[in-house]
Amino acid sequence: MKSEVDYGRGPEKTWVYGALRVRDGHEVTMTASSRNSVSYQQFLQEVEAANPTGDIYVVTDNLSSHNSLSTRTWLEDHPRIQHIFIPVAACWLNLQEGWWRIFRKAALAGQSFAGPAEIEHATRLATSQLNARARPWVWGRPPPPTRSLRRRYVYIL
């Protein structure tokens, strides 16, 4: 089942940022009223707070807010965060895209929201529910099950 993409303009638009930690399947999400460098840097602060130790590799697309001068300057002060840009038209390389599909189905599909507060609430609720049953994300499909018994057909003429 496919849902149509909604398109709108104006002050009521809400963006959802998300970061998937593939080793355990947990997600960090944040809503914002605009998709600019300031909002992106706030989101990166939330990602950094959710991952207090170790290096953080952010696989992202080439939006201007991800590669702006202010974001690059901000990243210089946060050396644990490393950006990895995916090639243009290759979003399937990012495991986050698979999580977005599950998130949209859990939080947004078939719903009408009165405003940004409801979208934020739905985002928080769906994220906490999905994080409660999170598993590590891996590339590829699981191997097909081995069949222990094959049916044999005998044709009698």
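Note that the structure is a prediction, hence the values are computed from the model and not measured.
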Checklist entry - Which value, rounded to the nearest 0.5 Å, describes the distance between Leu108 atom CG and Gln111 atom CD? => result 7.5 Å
Checklist outcome for this item: In this structure, OG of Ser37 is separated from CD of Gln42 (nearest 0.5 Å) by 11.0 Å
Item to check | Reported CD-to-CD1 distance for the pair Glu97 and Ile86, which is rounded to 0.5 angstrom | outcome: 6.5 Å
Next on the checklist: Donor-acceptor pair, distance only, cut-off 3.5 Å: does the side chain of Asn67 make one with the backbone of Asn62?
Outcome noted: no
Next on the checklist: Taking NE2 in His78 as the centre, count heavy atoms belonging to other residues, nucleotides or ligands within less than 6.0 Å. Is the count above 12?
Outcome noted: yes
Next on the checklist: Can you give me the closest heavy-atom contact between Ala134 and Gly25, atom names plus distance?
Outcome noted: CB-O, 3.3 Å
Checklist entry - Should Leu75 and Leu44 be marked as a side-chain contact (heavy atoms from CB on, under 4.5 Å) after you check the CA-CA gap, both sets of side-chain angles, and the distance that decides it? => result CA-CA 9 Å; Leu75 286 169; Leu44 289 176; 4.1 Å; yes
Checklist entry - If you look at every heavy atom in Gly98 and Trp137, which pair is closest and at what distance? => result C-CH2, 3.6 Å
Next on the checklist: Quick one: does any side-chain atom of Arg80 pair with a main-chain N or O of Gly54 as donor and acceptor, under 3.5 Å?
Outcome noted: yes
Checklist entry - Is the closest side-chain heavy-atom distance between Glu27 and Leu130 below 4.5 Å? => result no
Next on the checklist: Is the shortest side-chain heavy-atom distance between Phe85 and Asp61 below 4.5 Å?
Outcome noted: no
Next on the checklist: Between Val28 and Phe103, is there shared hydrophobic-cluster membership here, with clusters defined by ILVMFWY side-chain heavy atoms closer than 4.5 Å?
Outcome noted: no
Checklist entry - Rounded to the nearest 0.5 Å, what separation is found between the CD atom of Glu118 and the CG atom of Leu125? => result 12.5 Å
Item to check | Any side-chain donor near an acceptor of the partner, Thr127 and Thr29, under 3.5 Å | outcome: yes
Checklist entry - Trp100 and Val16: which non-hydrogen atoms are nearest, and at how many Å? => result CH2-O, 3.5 Å
Item to check | Closest contact, heavy atoms only, Ala32 versus Tyr17 | outcome: CB-CE1, 3.7 Å
Checklist entry - Nearest heavy-atom pair of Phe43 and Gly18: which atoms, and what distance? => result CZ-C, 3.3 Å
Item to check | Verify same cluster id: Met30, Leu63 (apolar side-chain graph, 4.5 Å) | outcome: no
Checklist entry - So if you build clusters from Ile, Leu, Val, Met, Phe, Trp, Tyr with side-chain heavy-atom gaps below 4.5 Å, do Trp15 and Val38 land together? => result no
Checklist outcome for this item: On a heavy-atom basis, the closest approach of Arg21 and Ala50 is NH1-O, 3.4 Å
Item to check | Distance (rounded to the nearest 0.5 Å) between Glu48 CD and Gln45 CD | outcome: 7.5 Å
Checklist entry - Are side-chain heavy atoms of Thr60 and His83 found at a separation under 4.5 Å? => result yes
Checklist entry - To the nearest 0.5 Å, what is the distance between CZ (Arg35) and OG1 (Thr14)? => result 13.0 Å
Item to check | Enclosure of Tyr57 OH (heavy-atom neighbours >12, cutoff 6.0 Å) | outcome: no
Item to check | Side-chain donor-acceptor pair present, Asn36, Ser39, cut-off under 3.5 Å | outcome: yes
Item to check | Whether Thr71 side chain and Ser65 backbone form a donor-acceptor pair below 3.5 Å | outcome: yes
